[in-house]
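Written below as structure tokens is the structure these notes are about.
On a predicted model such as this, the values are computed, not experimentally measured, just so you know. Just so it is clear: chains get the letters A, B, ... in the order the sequence lines come, proteins before strands, and each one is counted from 1.
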Amino acid sequence: MTSPETEPGRPGKRPEGGEDEALVARMAAGEENALALLYDRWAPRLYSIIVQLVGNPDESEDVLEDAFWHLWRTAGSFVPERGSAATWMLTVARNHGLERRRAKNGRKGAAGDGRTNASERPSLDSVDWDAIGFTHPELAAAAQRLSDPERRALELAYFHGLSQQAIAERVGDQADRVAAHLRSAVRQLRSGPEQPAADAGESGG
Amino acid sequence: MTKILTHEEAADQLEIVALGAAPPDIKAAVVAHLEECDRCRRMRWELAQWVADLSELIPETPLSRGRSAGIRSRLLARAESDVQGEARRRVAAARENHRLQERVSSTPIEGRRTSIAASDEVRAESQSQDGGGREARLWPFAVVLAVIAVAAAGGALAGRAWSPEREPVNEALGREVEMADQIDSLELLLRAREQALGSLTGATVRIANLTNRGSQGRPLARMFWDPAGGRWSLFVYELREPRAGRTYQAWIGAGDRRTSLGTFTPEANGTAFLEGRLGASAADFRLVTISEESAGGVSRPTGTVVLAGVF
């Protein structure tokens, strides 16, 4: 939905390979124009992630600015071999959103239960996997195959930014069991139910 | 003290850490393990990629165009200041180096040569200018500072612009100063433009429409002012030329207080543009006026108010 006062975001539209990495390198060299280009390209997506976690639009704009400032200041530490620039930027945005959400919960929460003012609290509704299925049918189908506790734990952790402990309190389960649900959900979504255990559990290292 | 995890324990936590859901102590322990475990580190990067890809599932929330422009402007202004700090340090280093070189070149110094191994080219060049065979009380100091300053110039001179085998040092340093000055000017211009944009689009910008009795509410000028950053811009759309020997002067204030924003004469088509910055003490100002005053301007408004508006 686009109003005359807003600009459309570009979810899913990613630039050609290497463009973002080149811009990050230019940003590390102190080129403000590179920051401007990355902002134009990524601000809508990063804002969507942040507002999903933080809830309050005004506060989310602050977080968006903080996230981009962090990207500018730490561009020199970006290592392309560790992942794409897109992953780096999305991770920074998500981490900033999580930090703000948890800081806010810490300030306003009652007895650490994460309760906030209703007007500022992001919705903890279940995710509409049917809607997601229109654009990502395989992932939505895999999510539908998860057990209810696994799917709910994933929703609360990823989409709503709750910590393992907060999820446990919310669903009335033990933290260890929540961790197991999360682990299982991620592994199934990444590998499919036929190959539930990734090599992460193997010995070595 | 950070908990120590076995490989199996750490690997079991990777998904939780990637989702950002792990308790702080567990996260710290996993991070410590990643320092030593290539396999887990690779898995962590893959999971980070996967979690990032999941963001495509998050519904889009539109960001207001105006507010986005404000954030962008603020970011660029901050980044520009950040770069300018670096640029100023480079310019200062290059200027100091240039000054020292000129001082060395123009100071007749007698005595024995001093050997500074790392500065053969610099010394040879200076000797050729001085006629050679001179000792320097200033030599060691100047040359060491010169080398440090060139290094501080970010390697640009040594790596690209400066070729010690081919050109005199002073000439190269002079060019470095000149280039730095040009970059400085361009950066200032860009900054001014970004700040002007920010003063129009920021979330905290106040707007005053200036009208007069004849305009029937239609604004004949508009002022944008961002008290947070202090920047203001005044656009005059329609104002006749002032009478002979008179000028227009813009004012801002509250109660009996008035601060001049400057004098101006509109273009032939009635337009004018002024911009500037106000200090924090202006935060409570609400009233903007334009009055016709004696040419050259006055310290307090005395002439006829031709336009007025409030924030």
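For a residue to count as touching a neighbouring chain, one of its non-hydrogen atoms must lie under 4.5 Å from one of that chain's; by this rule Ile16(B) touches chain A with the side chain only. Within the 4.5 angstrom heavy-atom criterion, only side-chain atoms of Leu139(A), from C-beta onward, approach chain B. Heavy atoms closer than 4.5 Å to chain B are found in the side chain of Leu98(A), but not in its backbone.
Classification of Glu60(B) and Arg45(A) as a salt-bridged pair fails, no side-chain N sitting under 4.0 Å from a carboxylate O. We find that Asp62(A) and Arg74(B) are not joined by a salt bridge, their nearest charged nitrogen and carboxylate oxygen being 4.0 Å or further apart.
Put simply, the side chain of Ser184(A) does not reach to within 4.5 Å of the side chain of Glu15(B), judged on heavy atoms. Contact of the Arg67(B) side chain with the Asp58(A) side chain is registered, since non-hydrogen atoms from C-beta on lie closer than 4.5 Å.
Among residues two or more places apart in sequence or in another chain, the ring-ring contact (aromatic ring centres under 6.0 Å, His included) test is passed with Tyr47(A) by none.
Judged by distance alone, the side chain of Tyr39(A) and the main-chain N or O of Ser68(B) form a donor-acceptor pair under 3.5 Å. A donor-acceptor contact shorter than 3.5 Å links the side chain of Arg183(A) to the backbone of Asp12(B).
When all heavy atoms of Leu75(B) and Leu35(A) are compared, the pair lying nearest together is O-CD2, 4.0 Å. When all heavy atoms are compared, the tightest approach of Arg187(A) to Ala11(B) is NH2-O, 3.8 Å. Gln49(B) approaches Ser84(A) most closely through the heavy-atom pair OE1-OG, 3.7 Å. Among all heavy-atom pairs drawn from Tyr158(A) and Val51(B), the shortest one is OH-O, 3.4 Å.
Ranked by heavy-atom pairs shorter than 4.5 Å toward chain A, the options Ala48(B), Ala21(B), Ala18(B) are led by Ala21(B).
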What do the steps show when you test Arg94(A) against Ser55(B) for side-chain hydrogen bond (donor to acceptor under 3.5 Å, both in side chains), and what is the final call? CA-CA 9 Å; Arg94(A) 180 171 167 77; Ser55(B) 72; over 6 Å; no

Run the salt bridge (Lys or Arg N to Asp or Glu O under 4.0 Å) check on Arg190(A) and Glu46(B) step by step: do they pass? CA-CA 10 Å; Arg190(A) 290 188 71 224; Glu46(B) 287 175 24; 3.5 Å; yes

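In Arg286(B), the CZ atom is crowded: over 12 heavy atoms of neighbouring residues, nucleotides or ligands sit closer than 6.0 Å.
A cation-pi arrangement is absent between Arg78(B) and Trp72(A) under the rule of less than 6.0 angstrom and at most 45 degrees off the ring axis.
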